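Computed from a predicted structure; not experimentally measured. Both ligands and their constituent atoms are indexed starting at 1 by order of listing. Note that these values count all heavy atoms, side chains included, but never hydrogens, waters or copies made by symmetry.
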Amino acid sequence: MIEEIDKLDQEVRQSSPQPRVVRPRIIALANQKGGVGKTTTAINLGTALAATGEHVLIVDLDPQGNASTGLGIDRRSRECSTYDVLIGEAGLRQAILPTAVPRLHIAASTMDLSGLELELGTERDRAFRLRNALSALNGTNPDEAAYTYVLVDCPPSLNLITVNAMAAADAILVPLQCEFFALEGLSQLLQTVEQVRSTLNPELTIHGVVLTMFDSRNNLSNQVVADVRQFMGNKVYETMIPRNVRISEAPSHGKPVLVYDLKCAGSEAYLRLATEVIQRERELRAS
Ligand code: ADP
Ligand code: MG
């Protein structure tokens, strides 16, 4: 599918807006497996980055809308959603809502998004809808602090929505659950990233892999960690997110775990992850 999109979209890419000098770092949270911690990481890494002073926008690209719900965004307030943006009926700014966390905003999603692939059909710019929406956002409102990070929460699939996220992103952050089949899905994901890099987005990199739901008492968890570290080397963040009941309770209260229980092990882990992400960004900029 990606090659086909690339052929169609050569021209569109050439005419699409060039990135500005000052722009947010766009990180897509992707893994075609469901339930591995993408949304949890989007919410809590986003909150932790905002807590350290960054201006963060979460773009919810999962029709399930769990990132939106987990941040306390009522379905009724999602009048304008990422679906409207990708379909071309609204600008991204119109879909952005504030959250209870200072400096953290979200563009919410609705179930409509599940029909996107069919609706966009063979539109020439269909893989670049998010990228174009994000570049139009830059600097359009000079009174507002510009976003320094955009975190894109992808659906559990390597479909057109995820391809849009990969085409728009500077880097991919892969949440990987410490379970037996973790590595199997990873190769397929890396292959897709490689395809996107060689066609739609040559600048795309892997920011890192974060191991989630780690349980040190479980031998399998430890084995998975060892395997993933051997396979992915220093792409794996030092920080591992432990399996933590407070993390799973927080969304039902519409709160990030950092707001629900700042002192729990899950919150501490996400704060450490944010520090590591910022550190990697500095290294990338310096290199
Ligand atoms: P994805 O977005 O990849 O489908 P989620 O972030 O929604 O995955 O996580 C799947 C489920 O696992 C959710 O119910 C979430 O609350 C729970 N969960 C995620 N991370 C943890 C964790 N570290 N400890 C305990 N539960 C977790
Ligand atoms: Mg999710």
Side-chain angles (χ1 to χ4, degrees), residues 27-48 58-73 75 78 81-83 106-111 113-114 116 151-159 161-162 164-166 172-179 181-182 184-186 188-189 192 207-218 220-222 224-225 228 236-274 276:
I27 300 179
L29 292 108
N31 186 331
Q32 72 277 21
K33 279 198 183 183
V36 297
K38 290 180 290 297
T39 300
T40 304
T41 302
I43 292 174
N44 294 300
L45 175 61
T47 303
I58 293 177
V59 178
D60 190 349
L61 284 195
D62 188 339
Q64 296 293 329
N66 293 341
S68 312
T69 312
L71 280 166
I73 307 294
R75 290 206 177 261
R78 301 178 202 174
S81 70
T82 50
Y83 166 78
I106 184 162
S109 84
T110 56
M111 279 308 286
L113 204 50
S114 58
L116 185 83
L151 303 179
V152 185
D153 187 24
C154 292
S157 157
L158 296 173
N159 60 8
I161 296 178
T162 300
N164 260 271
M166 290 186 178
I172 307 287
L173 194 158
V174 185
L176 205 68
Q177 191 182 342
C178 295
E179 51 154 20
F181 290 113
E184 211 166 83
L186 187 58
Q188 201 192 349
L189 178 66
T192 305
H207 202 280
V209 173
V210 59
L211 292 158
T212 64
M213 299 182 230
F214 175 68
D215 179 357
S216 60
R217 292 161 305 179
N218 181 332
L220 182 61
S221 250
N222 285 304
V224 171
V225 172
V228 174
V236 187
Y237 300 101
E238 291 293 322
T239 306
M240 296 191 280
I241 310 300
R243 186 174 281 286
N244 178 252
V245 67
R246 307 300 269 172
I247 291 181
S248 56
E249 286 168 1
S252 63
H253 299 267
K255 288 176 180 172
V257 72
L258 281 110
V259 173
Y260 179 63
D261 184 355
L262 179 64
K263 293 288 167 215
C264 75
S267 295
E268 285 175 1
Y270 274 110
L271 283 167
R272 283 201 307 277
L273 180 64
E276 251 192 279

Has Asn66 got an N, O or S atom lying less than 2.8 Å from the Mg ion (ligand 2)? no

Short check: is a protein heavy atom less than 4.0 Å from atom 13 (C) of ligand 1? no

At what distance, to the nearest 0.5 angstrom, does CG of Leu258 lie from OG of Ser267? 4.0 Å

Note the single closest protein heavy atom to atom 8 (O) of ligand 1, along with its residue, its atom name and the distance in Å. Gly37 N, 3.0 Å

Starting at CD1 of Ile247, measure out to OG1 of Thr212 and round the result to the nearest 0.5 Å. 9.0 Å

So if I count the atoms of ligand 1 from 1 in the order they appear, which ones are less than 4.0 Å from some heavy atom of Ile241? 23 (N)

Can you list the atoms of ligand 1 that are under 4.0 Å from a heavy atom of Gly34? 4 (O)

Nearest-option assignment for atom 6 (O) of ligand 1, heavy atoms, candidates Asn31, Thr40, Val36: Thr40

The atoms of ligand 1 lying under 4.0 Å from a heavy atom of Lys38, numbered in the order shown, are 1 (P), 2 (O), 3 (O), 4 (O), 6 (O), 8 (O)

of all protein heavy atoms, closest to atom 4 (O) of ligand 1 is Gly35 N, 2.7 Å

Ranking Gln64, Arg246, Met213, Met240 by closest non-hydrogen atom to atom 22 (C) of ligand 1, top hit is Met213

Check the pair Thr39 / Asp153 against side-chain hydrogen bond (donor to acceptor under 3.5 Å, both in side chains), numbers first and verdict last. CA-CA 6 Å; Thr39 300; Asp153 187 24; 2.8 Å; yes

Which ligand 1 atoms are under 4.0 Å away from a heavy-atom of Pro242? 22 (C), 23 (N), 24 (N)

Which value, rounded to the nearest 0.5 Å, describes the distance between Asn164 atom CG and Thr82 atom OG1? 10.5 Å

Write out the residue and atom name of the closest protein heavy atom to atom 7 (O) of ligand 1, then the distance separating them to 0.1 Å. Thr39 CB, 3.9 Å

Is atom 10 (C) of ligand 1 touching the protein, meaning some protein heavy atom lies under 4.0 Å away? yes

With a 4.0 Å cut-off on heavy atoms, does Gly266 reach ligand 1? no

Polar contacts were defined as any N/O atom of the residue lying under 3.5 Å from an N/O atom of the ligand; does this apply to Asn244 and ligand 1? yes

In ligand 1, which numbered atoms sit nearer than 4.0 Å to a non-hydrogen atom of Ser248? 16 (O), 26 (N)

Go through the steps to decide whether Ser81 and Arg75 satisfy the test side-chain hydrogen bond (donor to acceptor under 3.5 Å, both in side chains), and finish with yes or no. CA-CA 10 Å; Ser81 70; Arg75 290 206 177 261; over 6 Å; no

Can you give me the closest heavy-atom contact between Ile58 and Ala42, atom names plus distance? CD1-O, 3.3 Å

For Ser221 and Asp215, indicate whether the former's side chain and the latter's backbone hold a donor-acceptor pair under 3.5 Å. yes

Going through the checks in order, is the side-chain contact (heavy atoms from CB on, under 4.5 Å) test met by Ile73 and Arg78? CA-CA 8 Å; Ile73 307 294; Arg78 301 178 202 174; 4.0 Å; yes

If we only consider heavy atoms of Ile247, is any one of them less than 4.0 Å away from an atom in ligand 1? yes

Using side-chain hydrogen bond (donor to acceptor under 3.5 Å, both in side chains), reason through Tyr270 and Thr239 one step at a time and then give a plain yes or no. CA-CA 8 Å; Tyr270 274 110; Thr239 306; over 6 Å; no

If only side-chain N and O atoms count, and only distance matters, is there a donor-acceptor pair under 3.5 Å linking Tyr83 with Ser114? no

